[in-house]
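The next block holds one structure in the form of C-alpha cells; read it before the comments.
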There are 2 protein chains.
Amino acid sequence: MEWSALRDLLAVAETGSLSAAARRLGSSQPTMGRRIEQLEKQLKTLLFNRTSKGLILTPVGEQILGYAKNMAENANAIERIASGADQSLQGVVRMTMTDQMGNYWLPTKLSEFRQRYPGLRLEIVVENRTLDLFKREADIAVRFSRPQQLDLVVRKSIDYHYGFYASKSYLENHDRPESLKDLKNHSFISYDETIFSNAALKRLENLIGEQNIVQRYTSNSGVINALTQNLGLSVVGCYFADQDERLERLMPTQFDYSFNAWVVTHADLFKSARIKAVFDFLVEKLAEDATDFAGVSSH
Amino acid sequence: MEWSALRDLLAVAETGSLSAAARRLGSSQPTMGRRIEQLEKQLKTLLFNRTSKGLILTPVGEQILGYAKNMAENANAIERIASGADQSLQGVVRMTMTDQMGNYWLPTKLSEFRQRYPGLRLEIVVENRTLDLFKREADIAVRFSRPQQLDLVVRKSIDYHYGFYASKSYLENHDRPESLKDLKNHSFISYDETIFSNAALKRLENLIGEQNIVQRYTSNSGVINALTQNLGLSVVGCYFADQDERLERLMPTQFDYSFNAWVVTHADLFKSARIKAVFDFLVEKLAEDATDFAGVSSH
DNA sequence: CCATAGCTATACAAATATGAATATTAGTTA
DNA sequence: TAACTAATATTCATATTTGTATAGCTATGG
C-alpha cells in the first residue's frame with residue numbers, strides 16, 4: 001500500500017470529488033482517480049462510491065479515514081519540525097492577519113523588513129476565518145484572542161482600541177449622539193458573528209436593538225466603507241478610522257473598547273531562524289506603534 | 001512532501017542502510033537513495049549522514065522518526081481494517097507457530113482444509129521470535145502464553161503437555177533416572193531463553209545445575225534431534241516425542257508439565273471471513289487433537 | 001597487505017505515471 | 001425539454017520514476 005495514496009484518499013474524502021482533491025493537491029483529476037482506484041485494488045476494498053456529483057466514502061472508507069487523518073497530523077508535525085530546523089534566513093514565511101493589518105498597516109513596515117532580511121519573502125494571507133497553524137495554513141498569525149492550545153508560542157503585542165465612528169457627512173444630516181442611549185435613534189453597522197464575536201459587542205447590539213442593525217460585514221474595512229456611504233454608525237478600530245479624513249469619532253471618553261492582539265506561531269516553527277525573525281519583527285513593530293493603536297482618546 | 005518517502009525514511013532508519021531498506025521494501029538501492037535525497041531537498045534539511053557502512057540519522061532525523069513511526073502504526077491499522085472488510089473466502093492467510101506445530105502437526109490437516117476452503121492459500125511462517133500481529137507480520141498466531149494486549153482475539157485451544165524424554169539407546173548406556181534427584185547424574189539439553197522462557201523451566205534448570213546443561217536449542221525439533229544423538233535427556237512436547245520410536249518417556253507420573261496454547265489474531269482481521277475461517281479451523285482441529293497433545297500419561 | 005564483503009554513487013534503457021484533451025454522465029435551471 | 005454545469009471516465013503523447021549494471025569507497029579478516 002502506497003502511503004501517498006492515503007493522502008489522496010483524505011483529500012478526496014474532505015473535498016468530496018476527485019477534481020477538487022486534484023486542485024487542492026496540485027494534481028489532475030485522472031491521476032487522482034487512478035490513485036484511488038489502485039489503493040482500492042491493493043486493499044481489495046471499495047473505498048468510495050462514485051456518483052456524477054463526486055465520490056462518497058463507503059463504510060470501510062469512513063473507518064479508514066480516521067487513521068488517514070492521524071497520518072496527516074503526523075506528516076504536518078514532520079513538516080513543522082523540518083521547517084523549524086532550517087536556520088537560514090532565506091525562504092518564504094506565511095502570515096495571516098486581519099485585512100486591515102495585512103493590507104494597510106503591514107505594508108508601511110515592509111521596506112524596513114526587506115532591508116533587514118533581504119533573503120526572506122513574506123506571504124500575507126488575508127482570510128476571515130482563523131487559519132490552522134497546526135496544518136501550516138500559515139506560519140505566523142496575528143489574533144485578537146489569546147489561543148489556548150499548547151505547542152503555540154504567543155506574544156501579547158498591542159492593545160487595539162475600538163471607538164464609535166460615523167462619517168462627517170452622516171453627522172451633518174443626523175443628530176450627533178452624545179450618550180449611549182442616543183444610539184437607539186441611529187442605524188448601526190455591525191460584524192458577522194462567524195468572524196468577530198465577543199461579549200462586549202453582543203451587549204452593545206442588545207442596547208441598540210436588532211432592528212437598527214442595518215448591515216453586517218466580515219471585515220473592518222467593509223464596515224468603514226459602509227460608514228463612508230452614510231449607512232449609519234459603527235464601532236471600528238481607531239488606528240484606521242482616525243487616519244480616515246471622512247470619519248469622526250463619537251463619545252471618545254465614554255466609549256473606548258480595547259482588545260489585546262497576539263502574535264502567534266507554532267513552537268516547532270519558532271525554532272527556525274526564518275520564522276523567529278519575522279515573529280520578532282512583527283512584535284517589535286507593533287510595540288512601536290502601540291500608542292497609535294490606542295486611538296485618539298489617548299493622544 | 002511525499003508521504004511514501006517517510007515510509008522509506010523509516011525503513012532506512014530501522015535497517016541502517018539504503019540497501020537493506022530496499023530489500024525490506026522490495027525496491028532497489030538507487031531508488032531508496034533518490035527518494036531520501038528528494039525528501040531532504042523538500043524538507044530543506046539533512047536527515048541522514050552517509051557513511052560507507054550505511055546511513056545514520058541526524059538529530060533532526062531522529063526527531064522526525066517518531067512521527068514516521070506513528071504514521072506506520074496508522075498505516076498498519078488501515079491495512080488491517082481493509083483486510084477485515086474482505087468477506088471473500090479467497091486469498092492468502094499468514095500464520096505463525098512453532099516449528100513442530102507448523103512443520104509436523106499442521107500438514108496433517110491441510111488436505112481437509114484445502115477441501116473445505118479451496119480458494120484460500122496458507123502461508124506458515126515458522127519463526128522463533130514472536131511475530132508482531134499489529135504490524136501484520138502474520139495474520140494468526142499460535143502462542144504458548146496468553147497475550148495481554150487489547151485488540152486481540154484470543155481462544156484457548158489445547159493443553160500442550162511436556163514430559164522428560166531420552167533416546168532408547170541413551171538409556172541402554174546410562175542409568176535410568178527414577179526420580180527428579182537422579183537428574184544430577186545426567187546431561188540435559190535445554191532451550192534458548194530468548195525463545196522459551198518460563199518459571200518452571202528455570203526451576204528445573206536450577207535443580208539440574210548449569211554445568212549439566214550441555215546444549216541449548218531454539219526449537220523443540222532441535223532438542224529432539226539432539227536427544228536422538230544421545231546427547232542426554234530433555235523435556236519435550238509429548239505429542240511429538242511420543243510419535244518418535246527412538247524416544248522413551250521418563251517418570252511420566254512424576255513429571256508432566258502442561259502449557260496452554262492460544263490461537264490469536266487481531267480484532268480488525270477477525271472481521272474478515274478469510275481470517276475467521278482459518279482461525280476457527282485451527283481452533284477446531286486443535287480441539288479434536290486435544291487428548292493427543294496431553295501425551296502418554298493420559299492415554 | 002591484499003581479498004572480500006557491504007555499502008553508496010552514477011549512467012542509461014525500460015517501465016511507469018502523469019496531464020491535456022475529450023467523451024460521457026447526471027443533475028439543475030430557464 | 002434543451003442547455004448548462006460539474007463531475008467521472010478514457011485516450012495518448014510525454015515526463016518521470018525505476019531497476020540493472022557498474023564504478024568507487026571503506027572497513028574487516030586472514
Side-chain angles (χ1 to χ4, degrees), chain A residues 1-62 64-65 68 71-72 75 78-79, chain B residues 1-62 64-65 68 71 75 78-79 82:
Chain A
M1 179 183 62
E2 202 60 43
W3 284 14
S4 297
L6 296 169
R7 187 190 208 185
D8 300 336
L9 171 126
L10 192 58
V12 174
E14 286 181 351
T15 61
S17 80
L18 296 176
S19 313
R23 282 193 291 273
R24 179 199 278 192
L25 296 178
S27 178
S28 72
Q29 171 260 321
T31 299
M32 295 306 295
R34 283 182 293 238
R35 301 255 284 254
I36 297 293
E37 203 176 330
Q38 191 186 327
L39 181 65
E40 289 178 328
K41 209 156 122 193
Q42 281 164 343
L43 294 181
K44 295 188 181 60
T45 315
L46 194 71
L47 299 173
F48 291 96
N49 290 315
R50 273 77 170 168
T51 75
S52 65
K53 295 194 72 167
L55 282 76
I56 299 164
L57 279 171
T58 61
V60 182
E62 291 278 7
I64 285 177
L65 183 64
M71 290 182 77
I78 287 172
E79 292 195 326
Chain B
M1 178 182 61
E2 202 59 43
W3 285 15
S4 297
L6 297 170
R7 187 190 208 185
D8 300 336
L9 172 126
L10 192 58
V12 173
E14 285 181 353
T15 61
S17 80
L18 296 176
S19 315
R23 282 193 293 273
R24 178 198 279 191
L25 296 179
S27 176
S28 72
Q29 171 261 320
T31 299
M32 296 306 293
R34 282 182 295 236
R35 302 258 286 252
I36 296 294
E37 204 175 333
Q38 190 186 328
L39 181 65
E40 290 178 328
K41 210 156 119 192
Q42 282 164 341
L43 294 181
K44 296 190 180 61
T45 315
L46 194 71
L47 299 171
F48 290 96
N49 290 316
R50 274 77 170 168
T51 75
S52 64
K53 295 194 74 168
L55 282 76
I56 299 164
L57 279 172
T58 60
V60 182
E62 292 278 9
I64 285 177
L65 183 64
M71 292 182 76
I78 287 173
E79 292 194 327

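Below, chain A is the first sequence line, B the second, and so on; all start at residue 1.
Listed by chain and residue number, S4(B) satisfy the side chain to side chain donor-acceptor pair (under 3.5 Å) test with E2(A) (two or more places apart in sequence, or in another chain). In this view, E40(A) and R50(A) satisfy the salt bridge (charged side-chain N to carboxylate O under 4.0 Å, His left out) rule, not counting sequence neighbours. The salt bridge (charged side-chain N to carboxylate O under 4.0 Å, His left out) search around E14(A) returns R24(A), not counting sequence neighbours. Scored by the side chain to side chain contact (heavy atoms under 4.5 Å, CB included) test, T45(B) finds A82(A), A85(A), L43(B), V60(B) as partners (sequence neighbours excluded). Residues meeting the side chain to side chain donor-acceptor pair (under 3.5 Å) test with S28(B), sequence neighbours left out: T31(B).
Atom CG in D8(B) sits roughly 13 Å away from atom C1' in dT18(D) (whole-Å rounding). For the pair I56(A) CD1 and dT8(D) P, the interatomic distance rounds to 11 Å; values are reported in whole Å. Distance, N49(B) CG to dT26(D) P: 16 Å, rounded to whole Å. Atoms CD (Q38(B)) and C1' (dT18(D)) sit 13 Å apart, rounded to a whole Å. Taking atom CZ of R24(A) as the reference point, atom P of dA7(D) lies 14 Å away to the nearest angstrom. In this structure, the CD atom of E2(B) is 12 Å from the C1' atom of dT16(D), given to the nearest Å.
We find the CD-CG distance between E37(A) and L46(A) to be 11.0 Å, quoted to the nearest 0.5 Å.
When the side-chain nitrogen and oxygen atoms of S28(A) are compared with OP1 and OP2 of dT18(C), none of them lie within a distance under 4.0 Å. Within the structure, every side-chain polar atom (N or O) of R35(B) is placed at least 4.0 Å from both OP1 and OP2 of dT17(D).
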Encode nucleotides 5-11 of chain C as B, S and - characters from 5' to 3', where the letter depends on protein heavy atoms closer than 4.0 Å: B to the base, S only to sugar-phosphate, - to neither.
--SBBB-
